[in-house]
S.K.: 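Mind having a look at this structure? Questions to follow.
Numbers restart at 1 for each chain; the letters A, B, ... are given by sequence-line order, proteins then strands.
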Amino acid sequence: MRVYDALMDLYGPQGWWPLGPSVRYHRGEYRQPATPQAVFEVYVGAILTQNSTWSGACQAMTRLWALKAMTPRGILALADEVLQEAVRPARYLRQKAGYLRDVSSFYLHLKGRVPSRDELLAVRGIGKETADSILLYAHHVPVFVVDAYTRRILVALGRIGGDEEYDMIRSMFEKELPGDEIVYNEYHALLVEHARRYYSRKPYGAGDPLIRKFRTRRVARKDAE
DNA sequence: AGCCAGGCTACCG
DNA sequence: CGGTAGCATGGC
């Protein structure tokens with residue numbers, strides 16, 4: 001929580017998920033109208049932004065919107081070629097076009113129900129980070145989202161060695177934090193904001209003002225024996 | 001010019 | 001199991 005507070009002092013509330021073309025997110029609005037449209041856009045954005053930029057994902061979503069395909073049925077109705085062309089700015093166009101189809105039919109089968117983490121993980125194209133992002137940002141389930149940036153920051157602060165399992169890192173946070181959706185929402189977003197500034201280029205953490213304040217001596221290296 | 005994105009799956013040993 | 005090559009890009 002001390003690191004969280006420091007990040008909040010630095011950057012202020014982030015108000016994630018950034019969302020797509022249909023819904024304009026306003027700072028501080030965490031309980032936006034959870035329309036099926038907005039919920040589905042989180043699914044789509046979560047796939048499109050994988051190992052990619054938000055700018056690219058957003059361009060792809062704008063193309064889908066223009067094709068009136070920002071819905072599960074709309075996506076399933078597109079020809080492969082058209083869907084892939086829409087996805088292009090988000091990289092991996094064949095892969096992600098396929099993922100979007102699988103996610104779309106999965107979403108239809110839900111019929112508005114909130115899926116479990118395991119159900120999400122069974123969908124091709126949804127791994128752990130994507131599943132947790134969907135649970136948190138689409139369905140308001142309090143889970144902590146771990147990503148590559150989270151790892152880098154924790155390594156720099158001496159809290160992990162770096163090769164820990166995803167779920168181990170997630171439970172580190174969930175044990176320390178109050179089970180508050182808004183804290184999980186903001187914390188992940190703040191870590192991304194912070195990492196974009198200090199952890200996107202090697203050497204990771206150079207110039208990070210938090211290191212002085214929060215770095216622990218004890219580094220949990222696995223190969224320390 | 002080069003480096004880097006908020007991963008995931010399939011396939012290898 | 002753990003490790004990693006490969007995935008049809010665009011922006012700073």
S.K.: Are A/W16 and B/dG6 stacked, counting the six-membered base ring, centres under 5.5 Å, planes under 30°?
M.R.: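 Stacking is present between B/dG6 and A/W16, given that their ring centres fall under 5.5 Å apart and the planes under 30°.
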S.K.: Take atom P in C/dA8 and the same atom in B/dC3, then report the distance between them in whole Å.
M.R.: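 The answer is 22 Å between these two P atoms.
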S.K.: Does A/R196 make a side-chain N or O approach to OP1 or OP2 of B/dG6 shorter than 4.0 Å?
M.R.: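 So the side chain of A/R196 is within the cut-off, an N or O lying under 4.0 Å from OP1 or OP2 of B/dG6.
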S.K.: Between B/dC4, B/dA10, C/dG6, spot the one nearest the side chain of A/R124, thanks.
M.R.: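 Nearest to the side-chain atoms of A/R124, counting from C-beta on, is B/dA10.
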S.K.: With no angle test and no hydrogens, is the base of C/dA8 tied to the side chain of A/R91 by a donor-acceptor pair under 3.5 Å?
M.R.: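 Per atom types, no contact qualifies.
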S.K.: From CH2 of A/W54 over to C1' of C/dG11, roughly how many Å is that when rounded to an integer?
M.R.: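 One finds 17 Å between C1' of C/dG11 and CH2 of A/W54, rounded.
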S.K.: With DNA chain C as reference, determine whether A/Q59 or A/Q84 sits nearer its 5' end, using the nearest nucleotide of each.
M.R.: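 Whichever sits nearer the 5' end wins; that is A/Q84.
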S.K.: Would you call A/R159-A/E176 a salt bridge at under 4.0 Å N-O?
M.R.: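 Here A/R159 does not pair with A/E176 in a salt bridge, since their nearest N and O are not under 4.0 Å apart.
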S.K.: Check A/R2 with A/D5, please: is the shortest side-chain N to carboxylate O separation under 4.0 Å?
M.R.: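 Judged by the 4.0 Å cut-off on N to carboxylate O distance, A/D5 and A/R2 do not form a salt bridge.
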S.K.: If you pin A/A90 and A/R201 to their nearest nucleotides in DNA chain C, which one's is more 5'?
M.R.: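 Its nearest nucleotide being more 5', the pick is A/A90.
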S.K.: Determine whether the aromatic ring centres of A/H139 and A/Y43 lie less than 6.0 Å apart.
M.R.: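 Judged by ring-centre distance (under 6.0 Å), A/H139 and A/Y43 do meet the cut-off.
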S.K.: Can you confirm whether or not the ring centre of A/Y4 sits under 6.0 Å from the ring centre of A/Y187?
M.R.: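 Yes - the distance between ring centres of A/Y4 and A/Y187 falls below the 6.0 Å cut-off.
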S.K.: If you assign A/G127 and A/R152 each to the DNA chain B nucleotide with the nearest heavy atom, which residue ends up on the more 5' nucleotide?
M.R.: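 Closer to the 5' end of DNA chain B: A/R152.
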S.K.: Using the side-chain heavy atoms of A/S200, tell me which of these nucleotides is nearest: C/dT9, B/dC4, B/dT9.
M.R.: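 When the side chain of A/S200 is considered, B/dC4 is the closest of C/dT9, B/dC4, B/dT9.
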S.K.: It should be established whether A/Q50 places a side-chain nitrogen or oxygen under 4.0 Å from OP1 or OP2 of nucleotide C/dC7.
M.R.: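 So the side chain of A/Q50 is outside the cut-off, no N or O lying under 4.0 Å from OP1 or OP2 of C/dC7.
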S.K.: Could you check how far CG of A/L120 sits from P of B/dT9, rounded to whole Å?
M.R.: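 For the pair A/L120 CG and B/dT9 P, the rounded distance is 12 Å.
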S.K.: Looking at B/dG6, does its base get a donor-acceptor pair with the side chain of A/D147 below 3.5 Å?
M.R.: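 When only heavy-atom distances are counted, A/D147 does not reach the base of B/dG6 through any donor-acceptor pair under 3.5 Å.
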S.K.: For the residue pair A/Y137 and A/H188, does the interplanar ring angle fall in the parallel (under 30°), tilted (30 to 60°) or perpendicular (over 60°) class?
M.R.: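 Because their plane-to-plane angle lies in the 30° to 60° range, the rings of A/Y137 and A/H188 count as tilted.
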S.K.: Could you tell me whether A/I126 contacts a base, only the sugar-phosphate backbone, or nothing, with contacts defined as non-hydrogen atoms closer than 4.0 Å?
M.R.: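 Sugar-phosphate: the residue A/I126, judged by heavy atoms under 4.0 Å, touches backbone atoms but no base.
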S.K.: Base, sugar-phosphate alone, or nothing: which one does A/K128 contact when heavy atoms must sit under 4.0 Å apart?
M.R.: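 Sugar-phosphate contact only - A/K128 comes under 4.0 Å of backbone atoms but never of a base.
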S.K.: Report the nucleotide, chosen from C/dG2, B/dG7, C/dA8, that has the shortest atom-to-atom distance to any side-chain atom of A/R94.
M.R.: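 That would be C/dA8.
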S.K.: Looking at A/D167 and A/R117, is any side-chain nitrogen of the basic one under 4.0 Å from a carboxylate oxygen of the acidic one?
M.R.: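 Yes.
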S.K.: If the C1' atom of C/dG11 is compared with that of B/dA1, how far apart are they to the nearest Å?
M.R.: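 These two C1' atoms come out 13 Å apart once rounded.
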S.K.: Given B/dG7, C/dG2, B/dT9, identify the nucleotide with an atom nearest to the side chain of A/E165.
M.R.: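 The nucleotide sitting nearest to the side chain is C/dG2.
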S.K.: To the nearest Å, how far apart are A/R151 CZ and B/dA5 P?
M.R.: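 Value for this atom pair: 15 Å.
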S.K.: Which listed nucleotide (B/dG6, C/dG11, C/dA8) is nearest to the side chain of A/W17?
M.R.: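 Nearest nucleotide to the side chain: B/dG6.
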S.K.: Can you identify which nucleotide, out of B/dG6, C/dA8, C/dG11, has its nearest atom closest to the A/S133 side chain?
M.R.: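 Closest of the options to the side chain of A/S133: B/dG6.
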S.K.: What integer distance in Å separates A/N51:CG from B/dC3:C1'?
M.R.: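 Going from A/N51 (CG) to B/dC3 (C1'), I get 13 Å.
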